Amino acid sequence: MAVRKFKPTTPGQRHKIIGAFDEITATVPEKSLVSGKRSTGGRNNTGKMTMRYRGGGHKRKFRFIDFKRCKDGVPATVKSIEYDPNRSARIALLYYADGEKSYIIAPNGLEVGAVLMSGENAAPELGNTLPLKSIPIGTVVHNIELRPGQGAALVRSAGNFAQIVSREESYCVVKLPSGEIRRILGTCRATIGTVGNSDHALESSGKAGRSRWFGRRPHNRGVVMNPVDHPMGGGEGRASGGHPRSRKGLYAKGLKTRAPKKQSTKYIIERRKK
């Protein structure tokens with residue numbers, strides 16, 4: 001994975017940095033695994049705007065991703081690596097030996113023609129999915145389940161990975177990308193390797209128009225509003241807005257938002273780095 005920079009032939013090209021599509025081998029998605037996706041424009045079911053600065057953007061088709069990987073013992077061949085407009089990572093199309101097809105998140109280094117397996121008896125190799133209890137300590141993983149059979153919930157975006165640190169009875173201790181160290185049940189599944197497209201973090205739109213293609217509308221700051229519109233608004237000249245707050249008056253920085261009696265707190269050994 002690499003990024004492309006452009007000669008500054010126009011103001012929009014000057015700061016534009018986008019991902020190269022070298023690893024992508026197919027331009028049209030598998031028809032049986034896509035469906036239409038309706039854009040909400042930030043409106044809820046009554047038509048009220050509940051999320052500002054959204055709307056427009058290019059049409060997208062939703063790709064159904066197999067986050068469960070529950071076809072144990074059936075080998076699958078990687079047919080293609082594809083672009084997915086709904087996520088930062090690339091996706092891989094699998095052809096199973098029994099004729100079924102599915103999409104998975106493509107790990108870094110996965111190539112067309114590779115044979116993948118899932119299940120307790122699968123080898124701990126790139127792209128294979130195993131229960132955490134069957135993966136060697138120190139292995140880098142992604143697509144981690146929080147409950148057995150639920151499907152991957154953690155470590156799914158481009159360039160991310162977690163590491164298995166140790167085992168405690170029926171639990172595995174996993175270090176997550178945020179720095180949090182937590183216990184996860186050993187029967188939960190994870191996929192070997194790092195999520196691909198690791199240079200995604202280096203990308204830069206270069207112009208406002210490219211953000212509009214993604215469905216992001218112009219975002220104006222609270223400090224430039226009037227007091228009636230935002231707690232940080234008002235003042236003579238370029239007055240600073242005081243303590244950072246949301247539009248509803250809640251502190252935007254430093255305020256703890258995690259529920260103090262949340263059930264999963266008992267599984268966290270070390271909180272994420274601030």
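Given the structure is predicted, the values throughout are model-derived calculations rather than measurements.
- With F6 as the aromatic partner, K16 meets the cation-pi criteria of under 6.0 angstrom to the ring centre and within 45 degrees of the ring axis.
- Under a cut-off of 6.0 angstrom, the local environment of CZ in F161 is sparse, with at most 12 non-hydrogen atoms contributed by other residues, nucleotides or ligands.
- More than 12 heavy atoms of other shown residues, nucleotides or ligands fall within 6.0 angstrom of atom NZ in K37.
- Across V174 and A162, no two heavy atoms sit closer than the pair CG1-CB, 3.8 Å.
- A donor-acceptor pair under 3.5 Å links the side-chain atoms of R167 to the main chain of L132, judged by distance alone.
- Remark: K71 does not engage D66 in a salt bridge, criterion side-chain N to carboxylate O under 4.0 Å.
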Pair R272-S178, side chain to side chain donor-acceptor pair (under 3.5 Å): steps then yes or no: CA-CA 5 Å; R272 62 190 174 90; S178 63; 6.0 Å; no

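- Residues passing the side chain to side chain donor-acceptor pair (under 3.5 Å) test with K175, sequence neighbours excluded: none.
- A pairwise comparison of heavy atoms in Q13 and T9 identifies CG-OG1, 3.8 Å as the closest pair.
- Residues E111 and L126 form no side-chain contact, since every pair of their non-hydrogen atoms from C-beta on lies 4.5 Å or further apart.
- Taking the side chain as every heavy atom from C-beta outward, S170 and L185 approach each other to under 4.5 Å.
- A distance-only check finds no donor-acceptor pair linking the side chain of D22 to the backbone of A2 [under 3.5 Å].
- Side-chain atoms of N108 do not come within 3.5 Å of backbone N or O of T194 as any donor-acceptor pair.
- Counting heavy atoms from C-beta on, the side chains of I269 and V173 come closer than 4.5 Å.
- No donor-acceptor pair closer than 3.5 Å links the side chain of N44 to the backbone N or O of M51.
- Within the 3.5 Å criterion, the main-chain N or O of E100 finds a donor-acceptor partner in the side chain of D98.
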Chi angles and distances behind the side chain to side chain donor-acceptor pair (under 3.5 Å) call for E82, S80: CA-CA 6 Å; E82 299 179 17; S80 62; 2.9 Å; yes

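- Using a 4.5 Å heavy-atom threshold, the side chains of R60 and F214 count as touching.
- Judged by distance alone, with hydrogens and angles left aside, the side-chain atoms of S211 form no donor-acceptor pair with the main-chain N or O of R216 at under 3.5 Å.
- Counting only distance, with no hydrogens or angles, the side chain of R258 and the backbone of K256 share no donor-acceptor pair below 3.5 Å.
- Shown here are the side chain to side chain donor-acceptor pair (under 3.5 Å) partners of Y267, two or more places apart in sequence or in another chain: there are none.
- For the pair P85/R63, a side-chain contact is recorded, criterion being any heavy-atom separation below 4.5 Å from C-beta on.
- For the pair L110/L116, a side-chain contact is recorded, criterion being any heavy-atom separation below 4.5 Å from C-beta on.
- With hydrogens and angles ignored, the 3.5 Å screen pairs no side-chain donor or acceptor of S246 with any backbone N or O of A252.
- Side-chain atoms of I65 and D84, non-hydrogen and from C-beta on, do get closer than 4.5 Å to each other.
- In this structure a side-chain-to-backbone donor-acceptor pair under 3.5 Å is missing from Y103 to V34.
- In this structure, R183 contributes its side chain and E168 its backbone to no donor-acceptor pair below 3.5 Å.
- Residues V155 and P177 form a side-chain contact, since some pair of their non-hydrogen atoms from C-beta on lies under 4.5 Å apart.
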